[in-house]
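Only a predicted model underlies this, so the values are computations on that prediction, with no experimental measurement involved. Start at 1 and go down the list; that is how both ligands and their atoms are numbered. Values reported hereafter were calculated over all heavy atoms of this structure, with side chains retained and with hydrogens, waters and symmetry mates removed.
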Amino acid sequence: MSPLRLAVIVGSTREGRLGDRVVRWFVDQARRRDDLAVSVVDLAGYDFPVRYPAEPTPAIRSFVGQVGRAEAFVLVTPEYNHSFPASLKQAIDYAYDEWQAKPVGFVSYGCRSVGRYAVDQLRTVFTALHAVTVRDTVGVDLLADPPGAQAQEQLRQDARVLLDELCWWGLALREGRAARPYVC
Ligand SMILES: Cc1cc2nc3c(=O)[nH]c(=O)nc-3n(C[C@H](O)[C@H](O)[C@H](O)COP(=O)(O)O)c2cc1C
């Protein structure tokens with residue numbers, strides 16, 4: 001069976017973002033597995049238009065192409081005012097069919113709430129897009145940085161659980177999509 005194509009989407013486009021460290025750590029966890037082929041989709045690398053255009057621009061086509069090729073997603077998101085960044089919502093909305101019947105997991109970070117409000121809202125968005133969000137998440141507390149040895153082990157365990165769930169759903173939905181067209 002070929003490895004599941006996992007796209008890790010970097011949600012913060014903020015200059016000087018702290019998210020890079022979280023992304024590097026998580027991608028390293030994911031790349032240790034031989035059941036995953038991991039790519040990184042960094043929203044800061046796309047020259048998205050400020051206004052939603054009537055026709056897709058090359059940047060939008062490129063992003064949508066990446067989403068279409070992936071079989072599973074992990075969104076790495078910070079929390080801004082109890083939600084996720086507008087840059088992430090803008091990008092999510094550029095694709096539609098490409099998200100359908102695929103699993104989505106979350107790695108969030110923030111202060112104290114570790115981005116849980118952001119994840120709750122992202123689940124609502126991905127339900128609207130006919131994606132399947134997996135139950136378990138990884139939450140990184142920026143106030144406990146660097147984490148102690150015990151917290152580091154807990155984070156590695158959380159990443160393992162998230163990736164196990166994502167692989168199960170990813171393979172089940174790969175077979176499902178191949179067997180019959182999605183109903184929508
Ligand atoms: C506008 C703004 C609002 C924020 N709101 C929250 C929040 O609601 N909850 C939280 O835990 N952290 C909040 N933070 C702290 C961010 O999680 C923290 O700055 C983090 O580094 C942002 O991710 P980034 O550096 O990768 O962009 C906020 C930061 C900004 C800039």
Side-chain angles (χ1 to χ4, degrees), residues 6-33 36 38-52 57 59-60 62-64 66-67 70 72-95 99 102-129 131 133-163 165-166:
L6 169 67
V8 176
I9 299 182
V10 184
S12 173
T13 57
R14 196 175 68 82
E15 275 184 37
R17 65 188 177 190
L18 297 182
D20 285 340
R21 261 188 295 160
V22 180
V23 171
R24 272 198 301 275
W25 168 80
F26 181 75
V27 167
D28 178 56
Q29 301 298 307
R31 288 203 167 131
R32 286 164 193 242
R33 301 173 63 120
L36 289 172
V38 182
S39 61
V40 177
V41 179
D42 184 351
L43 299 184
Y46 291 86
D47 187 19
F48 290 135
V50 175
R51 297 182 67 203
Y52 199 107
T57 63
I60 292 173
S62 167
F63 173 74
V64 171
Q66 293 263 34
V67 174
F73 307 95
V74 167
L75 274 75
V76 183
T77 184
E79 185 167 290
Y80 295 163
N81 297 323
H82 286 190
S83 187
F84 56 91
S87 52
L88 181 53
K89 182 65 163 62
Q90 181 193 35
I92 291 169
D93 291 342
Y94 285 140
W99 298 113
K102 295 178 185 176
V104 182
F106 304 103
V107 173
S108 62
Y109 56 97
C111 308
R112 294 201 178 87
S113 63
V114 298
R116 282 199 192 94
Y117 297 103
V119 170
D120 283 349
Q121 293 176 27
L122 280 164
R123 286 189 194 282
T124 305
V125 172
F126 279 101
T127 299
L129 292 165
T133 64
V134 303
R135 176 183 182 275
D136 288 279
T137 61
V138 178
V140 177
D141 182 358
L142 296 175
L143 295 181
D145 193 26
Q150 204 177 341
Q152 280 183 39
E153 180 46 38
Q154 184 62 54
L155 286 170
R156 281 194 290 270
Q157 167 71 11
D158 292 348
R160 241 186 330 267
V161 170
L162 167 62
L163 291 169
E165 291 175 10
L166 210 62

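Looking at L18 next to ligand 1, an N or O pair under 3.5 Å apart turns up. Ligand 1 has a nitrogen or oxygen under 3.5 angstrom from a nitrogen or oxygen of N81.
Residue G19 approaches ligand 1 through these ligand atoms, each under 4.0 Å from one of its heavy atoms: 26 (O). Atoms of ligand 1 lying under 4.0 Å from at least one heavy atom of P78, given by number and element, are 22 (C), 23 (O).
Between Y94 and Q90, the side chains place a donor N or O and an acceptor N or O closer than 3.5 Å (distance only, hydrogens not considered).
The parts of R17 lying near ligand 1 are both backbone and side chain, judged by heavy-atom distances below 4.0 Å. Contacts between D20 and ligand 1, counted as non-hydrogen atom pairs separated by less than 4.0 Å, are absent for every part of the residue.
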| field | Evaluation steps, side-chain contact (heavy atoms from CB on, under 4.5 Å), between F126 and I92 | value | CA-CA 9 Å; F126 279 101; I92 291 169; 3.9 Å; yes

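If you take CG on L6 and CZ on R33, they are separated by 9.5 Å, rounding to the nearest 0.5 Å.
With hydrogens left out, the protein atom closest to atom 12 (N) of ligand 1 is E79 O, 3.5 Å, a heavy atom. Of all protein heavy atoms, the one closest to atom 8 (O) of ligand 1 is H82 N, 2.8 Å. Nearest non-hydrogen protein atom to atom 11 (O) of ligand 1 is C111 N, 2.6 Å.
At least one side-chain heavy atom of I9 sits under 4.5 Å from a side-chain heavy atom of L88. Between L163 and F26, the closest side-chain pair of non-hydrogen atoms falls below 4.5 Å.
Considering only non-hydrogen atoms, atom 29 (C) of ligand 1 lies nearest to Y80 out of Y117, Y109, Y80. Proximity annotation for atom 20 (C) of ligand 1: of T13, V22, L142, L142 comes nearest, heavy atoms only.
Distances from ligand 1 to the non-hydrogen atoms of R112 include no value under 4.0 Å.
R24 has no carboxylate O lying under 4.0 Å from a charged side-chain N of D20, or vice versa, which leaves the two without a salt bridge.
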